[in-house]
Amino acid sequence: MEDTGSGLDYGTRPDRLFGDIVSADRFFVRSHVDTPVIDADSWSLYIQGDGARQPVSLTYEDLRTGFPLTSIVRTIECAGNRRVQFGREVGQAFEGTQWGRTAIGTAEWTGVRLRDVLEVAGIATDACEVVPESLDAIRARRPLPLAKALADDTIVAWAMNGEELPPDHGFPARLVVSGWLGAASIKWLGRIDVATHHVEVPWNTIDYVMIGPGYPAEGDQARGPAITEPALSSLVELPWPAHLCHGPQIIRGRAFAGEARVTAVDYQIDDHAWQRATITSSGEPGLWARWQFRWDARPGEHVLRVRASDDRGRIQPDSTPWNQLGYMHESVLAHPISVTASP
Ligand SMILES: Nc1nc2c(c(=O)[nH]1)N[C@H]1C(S)=C(S)[C@@H](COP(=O)(O)O)O[C@H]1N2
Ligand SMILES: [Mo]
């Protein structure tokens, strides 16, 4: 269940995380179709649309040398992360990539602000959405409201952890849309449309939308509201199930709140009282926080529960309302841990 990725998808094992950043070779991959082979020297990024004052094309060189550089450490999480746990919770297997806890990662992304790139074309006063489009076979698009596109930490990235973007992560350039669902961070960027109207595409009408009772559809074609931020969640840096030796140890993990900030992480072992974990790196909007606590593990079978809270007053619930595609699982997980006595 841990390395649920198969074929084009690959998951990051939560028990192999070190530091804030996940190395590129362990970073989860979610690609709907094969990684395109793109030659950076002949690649261009086109900016166009009725919301752009003039169409522009930028070469790889233009992009790398023509704008102020920015580097941000940001977490990307797939909206379908924990879909397997969600299915167990509601007693149904969801369709879609069978992610356990592994479709989340953090990297240092380097590139230029999308805002700076759009300004070359000029943004019309009545522009309202920005629609990036990819060069892989599905020509993936996920419209962004103008304000999100212009945010300081919405970037066109060409480097990941200080190295050229790896092909599977979007070479030569991808978007990084901080604090939003992974699907908004379009890889293999080829074109950006600036639109003066609301744009409906599969990724905001059919996929990456919440379908079900309690999720009224918006717009003409949409089957439910489009997902923007991922769910508030926490992650324990142990295999599932975990096996530990008895005695004192440090249990570590992460918590992520999308565009909000994680303010507290609490944990419960078996049916003991909830206690507060120590946040060791507080994160920031768009970046996971790290936490830990000390546990004197006694031999036997245990269950660890962890719940994060954020600065919007949200707290992880015990259950998640059903939605058809199994997105946005936010429930507190019951992590099984068996502790063995040393010989
Ligand atoms: N062009 C393109 N961009 C894409 C995708 C894709 O299939 N094609 N997958 C999206 C999804 S669903 C996620 S979760 C993230 C994953 O980014 P990663 O593979 O670098 O982890 O990329 C997004 N960008
Ligand atoms: Mo995703």
Side-chain angles (χ1 to χ4, degrees), residues 3-13 17 21-38 43 45 74-84 86 94-111 114 131-144 154-161 163-192 201-204 206-210 226-231 233 256 258 286 288 325-329:
D3 281 298
T4 48
S6 60
L8 302 171
D9 301 325
Y10 165 82
T12 300
R13 284 181 57 163
L17 297 169
I21 283 175
V22 178
S23 61
D25 60 348
R26 284 198 184 144
F27 200 99
F28 86 96
V29 175
R30 171 63 178 126
S31 297
H32 290 68
V33 290
D34 287 342
T35 296
V37 179
I38 298 172
W43 174 85
L45 177 61
R74 287 293 182 272
T75 300
I76 292 182
E77 183 180 26
C78 184
N81 201 19
R82 298 176 299 278
R83 183 177 273 134
V84 167
F86 197 174
F94 290 107
E95 284 176 28
T97 306
Q98 296 301 296
W99 295 116
R101 305 175 297 147
T102 66
I104 186 167
T106 296
E108 183 195 19
W109 308 98
T110 300
L114 177 59
V131 190
E133 186 181 290
S134 69
L135 293 167
D136 53 349
I138 52 168
R139 304 275 156 171
R141 297 196 288 162
R142 174 49 169 99
L144 302 173
T154 297
I155 73 168
V156 178
W158 65 73
M160 179 179 188
N161 299 335
E163 310 270 358
E164 185 173 83
L165 208 54
D168 287 342
H169 295 291
F171 179 85
R174 76 175 301 164
L175 276 194
V176 174
V177 181
S178 299
W180 274 39
L181 78 163
S185 289
I186 295 293
K187 303 191 279 191
W188 313 295
L189 199 57
R191 203 177 88 183
I192 302 173
V201 299
W203 283 15
N204 66 8
I206 300 167
D207 289 325
Y208 305 108
V209 295
M210 300 293 276
I227 298 169
T228 58
E229 294 177 70
S233 67
F256 187 45
W288 59 18
L325 301 176
Y327 292 128
M328 303 279 281
H329 185 250

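Start at 1 and go down the list; that is how both ligands and their atoms are numbered.
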*asked:* Going by the rule ring pair (Phe, Tyr, Trp, His ring centres under 6.0 Å), which residues pair with Tyr327 if we only count those two or more places apart in sequence or in a different chain?
replied: Tyr208
*asked:* Would you say that Trp99 contacts Asp9 through its side chain, given a criterion of any heavy-atom pair below 4.5 Å between the two side chains?
replied: yes
*Any donor-acceptor pair under 3.5 Å linking the side chain of Trp188 with the backbone of Pro167?*
yes
*Could you tell me whether the side chain of Thr12 and the main chain of Arg26 form a donor-acceptor pair under 3.5 Å?*
yes
*Distance in Å, Leu189 CG paired with Trp158 CH2, rounded so as to fall on 0.5 Å steps*: 12.5 Å
Inventory of protein N or O atoms under 3.5 Å from ligand 1 N or O:
residue: ligand 1; atom: 1 (N); partner: Ser134; partner atom: OG; Å: 3.3
residue: ligand 1; atom: 1 (N); partner: Asp136; partner atom: OD1; Å: 3.3
residue: ligand 1; atom: 1 (N); partner: Asp136; partner atom: OD2; Å: 3.1
residue: ligand 1; atom: 1 (N); partner: Lys187; partner atom: O; Å: 3.1
residue: ligand 1; atom: 3 (N); partner: Lys187; partner atom: N; Å: 2.9
residue: ligand 1; atom: 7 (O); partner: His32; partner atom: N; Å: 2.9
residue: ligand 1; atom: 7 (O); partner: His32; partner atom: ND1; Å: 2.8
residue: ligand 1; atom: 8 (N); partner: Asp136; partner atom: OD2; Å: 2.8
residue: ligand 1; atom: 9 (N); partner: Arg30; partner atom: O; Å: 3.1
residue: ligand 1; atom: 17 (O); partner: Arg174; partner atom: NH2; Å: 3.2
residue: ligand 1; atom: 19 (O); partner: Arg30; partner atom: N; Å: 2.9
residue: ligand 1; atom: 19 (O); partner: Lys187; partner atom: NZ; Å: 2.5
residue: ligand 1; atom: 20 (O); partner: His169; partner atom: ND1; Å: 2.6
residue: ligand 1; atom: 20 (O); partner: Arg174; partner atom: NH1; Å: 2.7
residue: ligand 1; atom: 21 (O); partner: Phe28; partner atom: O; Å: 2.6
residue: ligand 1; atom: 24 (N); partner: Ser185; partner atom: O; Å: 3.0

*Could you state the interatomic distance from CZ (Arg142) to CG (Asp207), rounded to the nearest 0.5 Å?*
11.0 Å
